[in-house]
Amino acid sequence: MTSDYKTFNIYKPSENFVWTRSRIIWGLVIIPLICIFFVLHILKIPEKQIPGWLRQGIFAPMLTGFLGYLISIWLPEELKGKIKGKLIFEKEKITIDQEIFLIKDLKYVEIVQNDHKGRYIFSNAFDGMFSQGCNNTLKIRLLNNLEKKCFFQINHPRELLQISNQLNIYIENGLLTKEARNSTLNYNGNGF
């Protein structure tokens with residue numbers, strides 16, 4: 001069912017370094033390995049002469065990192081930014097975080113659907129195996145060639161079908177091709 005407008009949450013990636021589960025787990029695994037290398041190969045201390053407290057001090061973080069990995073694979077991915085603001089698709093305009101762009105002032109619209117909330121991510125183990133659905137982009141170009149881009153969250157695989165009326169209007173105004181619409185709406189059979 002389509003309506004005259006559809007609202008999505010905007011995802012804003014952080015510009016600064018963000019401590020996430022995966023970065024902490026990597027630290028808990030890598031730092032003890034560096035310590036082992038340093039003790040055995042740089043200081044050249046025989047393995048039998050390494051004190052028990054040092055062995056435990058190296059083993060404990062590695063065990064904690066491994067257990068953290070086992071727990072984090074069942075959690076949603078940790079975002080390196082915030083979900084903040086709204087993206088609204090309407091027939092006559094697109095609103096990006098309270099900034100309104102009229103269809104008549106645009107050259108083109110590009111929507112790329114890569115992700116949806118809860119999608120299984122095999123290669124993302126340390127960050128969580130289930131997506132937050134934020135790897136989707138909207139790119140618009142204004143008549144003055146200024147480009148605006150934002151990431152937005154999709155909650156379920158077919159959620160973009162709710163903007164099919166708006167996409168048809170964008171096609172009528174020359175902002176989008178039918179092929180791009182079909183790809184955006186996943187009509188080409190490349191389902192999640």
Side-chain angles (χ1 to χ4, degrees), residues 6-45 47 50-89 94-99 101 110-140 146-160 163 184 186 190-192:
K6 173 65 180 158
T7 303
F8 295 92
N9 292 320
I10 293 176
Y11 169 66
K12 296 184 179 181
S14 176
E15 296 176 6
N16 301 322
F17 182 82
V18 177
W19 280 102
T20 61
R21 284 189 306 265
S22 74
R23 292 175 177 166
I24 292 170
I25 290 170
W26 276 111
L28 288 171
V29 172
I30 297 296
I31 291 172
L33 290 175
I34 291 171
C35 290
I36 291 170
F37 178 79
F38 182 75
V39 168
L40 293 177
H41 297 288
I42 305 296
L43 297 178
K44 299 191 190 265
I45 296 175
E47 190 174 334
I50 298 174
W53 62 268
L54 183 59
R55 288 179 192 209
Q56 291 172 353
I58 290 173
F59 178 71
M62 289 182 73
L63 179 63
T64 305
F66 180 72
L67 291 174
Y69 164 74
L70 290 177
I71 292 169
S72 74
I73 62 174
W74 301 108
L75 299 173
E77 75 176 319
E78 198 165 10
L79 297 176
K80 297 173 186 81
K82 294 183 180 184
I83 294 178
K84 185 178 180 183
K86 299 290 181 191
L87 168 64
I88 304 170
F89 290 98
I94 297 174
T95 305
I96 302 174
D97 201 17
Q98 299 182 7
E99 194 173 358
F101 302 97
E110 180 183 347
I111 302 169
V112 179
Q113 178 184 6
N114 291 318
D115 209 357
H116 66 84
K117 196 169 188 176
R119 184 174 68 91
Y120 179 73
I121 310 170
F122 178 73
S123 62
N124 205 28
F126 283 149
D127 260 342
M129 299 286 266
F130 301 99
S131 173
Q132 291 281 6
C134 293
N135 190 17
N136 306 293
T137 57
L138 166 70
K139 190 187 313 183
I140 60 173
L146 181 68
E147 280 193 8
K148 294 284 185 174
K149 180 180 176 181
C150 76
F151 293 94
F152 64 99
Q153 183 180 42
I154 294 179
N155 291 311
H156 54 84
R158 299 290 185 192
E159 188 172 15
L160 281 179
I163 65 167
T184 297
N186 210 7
N190 301 329
F192 290 114

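What you see is a predicted model, and the numbers here were worked out from it, not measured in a lab. Throughout, residue positions are numbered sequentially from 1 according to the sequence presented.
Sorted by first and then second residue, the salt bridge (charged side-chain N to carboxylate O under 4.0 Å, His left out) pairs with a member in residues 8-18 read K12-D97; sequence neighbours excluded.
W53 pairs by the ring pair (Phe, Tyr, Trp, His ring centres under 6.0 Å) definition with nothing, not counting sequence neighbours. For K86, the salt bridge (charged side-chain N to carboxylate O under 4.0 Å, His left out) test picks out no residue, with sequence neighbours left out. Residues forming a side-chain contact (heavy atoms from CB on, under 4.5 Å) with L160 (at least two apart in sequence, or on another chain): F8, I111, Q113, F152, I154, I163, T184, L185. Evaluation of the ring pair (Phe, Tyr, Trp, His ring centres under 6.0 Å) rule for F37 yields H41 as partners, not counting sequence neighbours. Legend: residues meeting side-chain contact (heavy atoms from CB on, under 4.5 Å) with T137, ordered by chain and number and at least two apart, are V112, K149, F151.
For Q153 (side chain) and Q132 (main-chain N/O), a donor-acceptor pair under 3.5 Å exists by modelled atom type. Proximity of a side-chain donor or acceptor of R119 to a complementary backbone N or O of G133 within less than 3.5 Å is not detected. Listed for the N114 side chain is a donor-acceptor partner under 3.5 Å among the backbone atoms of N135.
Nearest approach of I58 to C35, heavy atoms of both residues: CD1-CB, 4.1 Å. Closest approach of N136 and D115 over heavy atoms only: OD1-N, 2.9 Å. In this structure, Q56 and P61 approach most closely via the heavy-atom pair O-CD, 4.4 Å. Considering every non-hydrogen atom in both E159 and K6, the closest pair reads OE2-NZ, 3.0 Å.
If you take CG on L79 and OG on S131, they are separated by 8.0 Å, rounding to the nearest 0.5 Å. With rounding to the nearest 0.5 Å, the separation of SG in C150 from NZ in K139 is 12.0 Å. We find the CG-NZ distance between N16 and K80 to be 14.5 Å, quoted to the nearest 0.5 Å. Atoms CD1 and CZ, on I94 and F89 in that order, are 5.5 Å from each other to the nearest 0.5 Å. N9 CG to K82 NZ: the interatomic distance, rounded to the nearest 0.5 Å, is 14.5 Å. Here the CD1-CZ distance, from I36 to R55, works out to 10.5 Å after rounding to the nearest 0.5 Å.
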List the steps and the verdict of side-chain contact (heavy atoms from CB on, under 4.5 Å) for V29 and F66.
-> CA-CA 8 Å; V29 172; F66 180 72; over 6 Å; no

